[in-house]
Structures are given as C-alpha cells and as structure tokens.
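Everything on this sheet refers to the single structure shown next.
We count residues from 1, following the sequence as given. Indexing begins at 1, ligand by ligand and atom by atom, following the structure's order.
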Amino acid sequence: MSARLLEGAPIAERIKTQLKAQILELRDTKPPKLVAVLVGDDAGAKYYARSQQKDCEELGIGYELKQLPDDFSQAEMLCVIDELNEDDSVTGIILLVPVPEHLDARKLQEAMDPIKDVDGVHPANLGRVVLGDRTLAPCTSLAAVTMVEASGVDIKGAETVMLGRSVIVGKPTALLLLVPHATITVCHTRTKDMPGHCRRADIVIVAAGAPGLVKPDWIKPGALVVDVGINRVKGEDGKSKIVGDVDPGVAEVAGILTPVPGGVGLVTAAMLMKNTVTAAAMQAEA
Ligand code: NAD
C-alpha cells in the first residue's frame, strides 16, 4: 500500500477533548441534552442511537431516546417535535432515519427549532452553509471537510471532486470547501465521464453509497481520497462487513486515504457531539 491512512480516531478524540471543557462551562447555565427520536425499530437507526448514547455518556451530555411506535402519524410526530422545541431542558433534537414510509422526514426536520437541530438538516442551518457558515452544518459534511483539513493538503485552488450531491453530504460539503477556496466539481449519477473528472482531482471526496465505485485508475497518483461511504456487504467468507465507496486498489495510487471503517464515520459521530454542545452554548447566550 502506498497511501498514508488518515484515521478518524485521533481527530475524533481531539474534538471530544475540546468539547469536555466547553461542557463543564455550560454545566450551570445550559447543560447540553440530546433527545433522539426513533420511530419503529429499524436496526440501523437503533445502532446509531446506541453509539450516540455511548458518546454522550463519555462526555457528560444528557441523552434520551424517545422510542415511538411505527404507526405513529405525521400529526402525532409533529406534536412530539413541538413539545421538544418547547422543553427548555432539551438543547438538541435528532430524528433517527430511516423513518417508516408514511412519515415525511424532511417536514419533521423542518418543524424543529433550528437552534436545536444538531443534525444540521433544517433549511435555516443549510442556508447558513450557503453563506459559508459552519454553525450547525450537517455532521457528515463537517466531518468530510475536517478530514480534508487534517490531511495537510493545500486546499486553496485545489481541483476537488465531490462525488454525490445529497442534501446531507454532497451539496453542503461542496459549499463548505469553497470557503478555503477549493475548485469544486460535483459529480452524480448523470455525470458524463466521472473517471475523467476524478483523474484531474487533487482531492476526491466520495459519498455515493456504491461499494467499490471509485477505481484505482480514476485517481491521480498522490491525490487525497476521502471515502464517506458506509456499505454493508457480504465478504468472501460469507460474513457481512462494512466497506466504503472506494475500491481497495485505490490505496496503491492515492497519496492519502481515509479508511472505512475507522475514518469519516468516527469524525461524524464526534461532530454530532460538537453540534450538540454548540447548540446548547447558543441557547445559553440567547
Ligand atoms: P444518497 O443516496 O442520498 O446520495 C448519494 C449520491 O451519490 C447521489 O447524489 C447520487 O447521485 C450519487 N451516486 C450514487 N451512486 C452513484 C454512481 N454510481 N455514480 C455517480 N454518482 C452516484 O446518500 P448519502 O446520504 O449522501 O450517503 C452516501 C454514502 O455515505 C452512503 O454510503 C452512506 O451510508 C454514507 N454516509 C456515511 C456517513 C459517515 O459518517 N461516514 C454519514 C452519512 C452517510
């Protein structure tokens, strides 16, 4: 392997260490408390709830999992969100996705008080991203940008490909990388000649949800590759495992590569904690 692996763990640890001091400062004014809303019992959503709870416990952030039955209506859900908006002891709200099909997750997220939207998905917080403001930006895009910054690669003017244009990863990441002056190309399912775009890039960020999509011959030798993808696949031994969106052979060509697992995902989890503390601090000042 020629690429240097850019691990998420030390970056996540650094963020958490900084948060501990801030949490102590908020103890007497606005102690952070995160409420996660889970509708039904999706296994993935439950897994994220457990890991959020662990992170909150480690940092001394209050955590409550609000488990609701899967036949809860949109109107009932809106009442729950209203109550959480009104509850002064709750400083952060997150809707665990996916939600059952009869619910409109986007409308529920829009009903949250933006100052408690620690997932960074409310239009007001996404609007701030357009302004170049990272306050309460989507956690995964914050993590991807933080990985690029931590790599030490010169971002100014760098040819950068963002592969994926989702609201929570691709679009906000592209916008946030304009702040340090990256030259961004956003690729997606309708892009013509995706390998050609990637080959010109000094920085490639991939958030497609397509295992092994990015091949070694798409990558400029020495480039930084940030793999955001998290895909559960069956390994050769028949056991399920987590892989990214990047073919393992990319490690032979890239200069720096973020591993999956152990890369962006760990930093995303730390960013949720950071947003939770930021939201509480903003409420303390309001
Ligand atoms: P999404 O499905 O909402 O968006 C995927 C985007 O990739 C779309 O814009 C689509 O156009 C593009 N795309 C998909 N397949 C493509 C292909 N073959 N060629 C070109 N473009 C393609 O997904 P998302 O929510 O943005 O998540 C993307 C990936 O990131 C998933 O694997 C998800 O599990 C992972 N993810 C990771 C973290 C983390 O913390 N590391 C957090 C959130 C999501």
Run down the list Gly209, Gly265, Pro261 and name the one with the heavy atom closest to atom 31 (C) of ligand 1.
Gly209

Heavy atoms only, cut-off 4.0 Å: how does Leu163 contact ligand 1, side chain, backbone, both, or neither?
side chain

Enclosure of Lys215 NZ (heavy-atom neighbours >12, cutoff 6.0 Å):
yes

Thr160 and Thr183, any side-chain heavy atoms less than 4.5 Å apart:
no

Enumerate the atoms of ligand 1 whose separation from the nearest heavy atom of His188 is less than 4.0 angstrom.
11 (O), 20 (C), 21 (N)

Is Asp202 reaching over with its side chain to a backbone N or O of Ala158, donor-acceptor style, under 3.5 angstrom?
no

Strictly distance-based, threshold 3.5 Å: is any side-chain N or O of Glu76 a donor or acceptor partner for the main-chain N or O of Ser73?
yes

Would you mind telling me if ligand 1 is within reach of the side chain of Asn231, the backbone, both or neither, using heavy atoms under 4.0 Å?
side chain

So is Gly170 close enough to ligand 1, meaning a heavy atom under 4.0 angstrom away?
no

Tell me whether His102 contacts the main-chain N or O of Phe72 through its side chain, where contact means a donor paired with an acceptor under 3.5 Å.
yes

Within the 4.0 Å heavy-atom shell around Val169, which atoms of ligand 1 are there?
26 (O)

Does a sphere of radius 6.0 Å around NZ in Lys220 hold more than 12 heavy atoms from other residues, nucleotides or ligands, not counting ones at 6.0 Å or beyond?
yes

With a 4.0 Å heavy-atom cut-off (strictly under), which part of Thr189 contacts ligand 1: side chain, backbone, both or neither?
both

Check: Lys234 main-chain N/O paired with Lys239 side-chain donor or acceptor under 3.5 Å
no

Below 4.0 angstrom, N of the basic side chain to O of the carboxylate: do Arg134 and Glu149 qualify?
yes

Closest to atom 8 (C) of ligand 1 (heavy atoms only, candidates Arg232, Arg165, Lys171) is Arg165

Mark whether atom 2 (O) of ligand 1 lies under 4.0 angstrom from at least one protein heavy atom.
no

Is it the side chain, the backbone, both or neither of Val267 that has a heavy atom closer than 4.0 Å to ligand 1?
neither

Intermediate values then yes/no, side chain to side chain contact (heavy atoms under 4.5 Å, CB included), Ile23 and Ile61
CA-CA 8 Å; Ile23 292 164; Ile61 294 175; 3.7 Å; yes

Ser166 N/O to ligand 1 N/O under 3.5 Å:
yes

Mark up the atoms of ligand 1 that fall under 4.0 Å of a heavy atom belonging to Thr268, in ascending order.
39 (C), 40 (O)

Contacting atoms of ligand 1, where contact means under 4.0 angstrom from a heavy atom of Gly164
6 (C), 7 (O), 9 (O), 12 (C)

Going by the atom numbers of ligand 1, which of them fall below 4.0 Å from some non-hydrogen atom of Ile168?
25 (O)

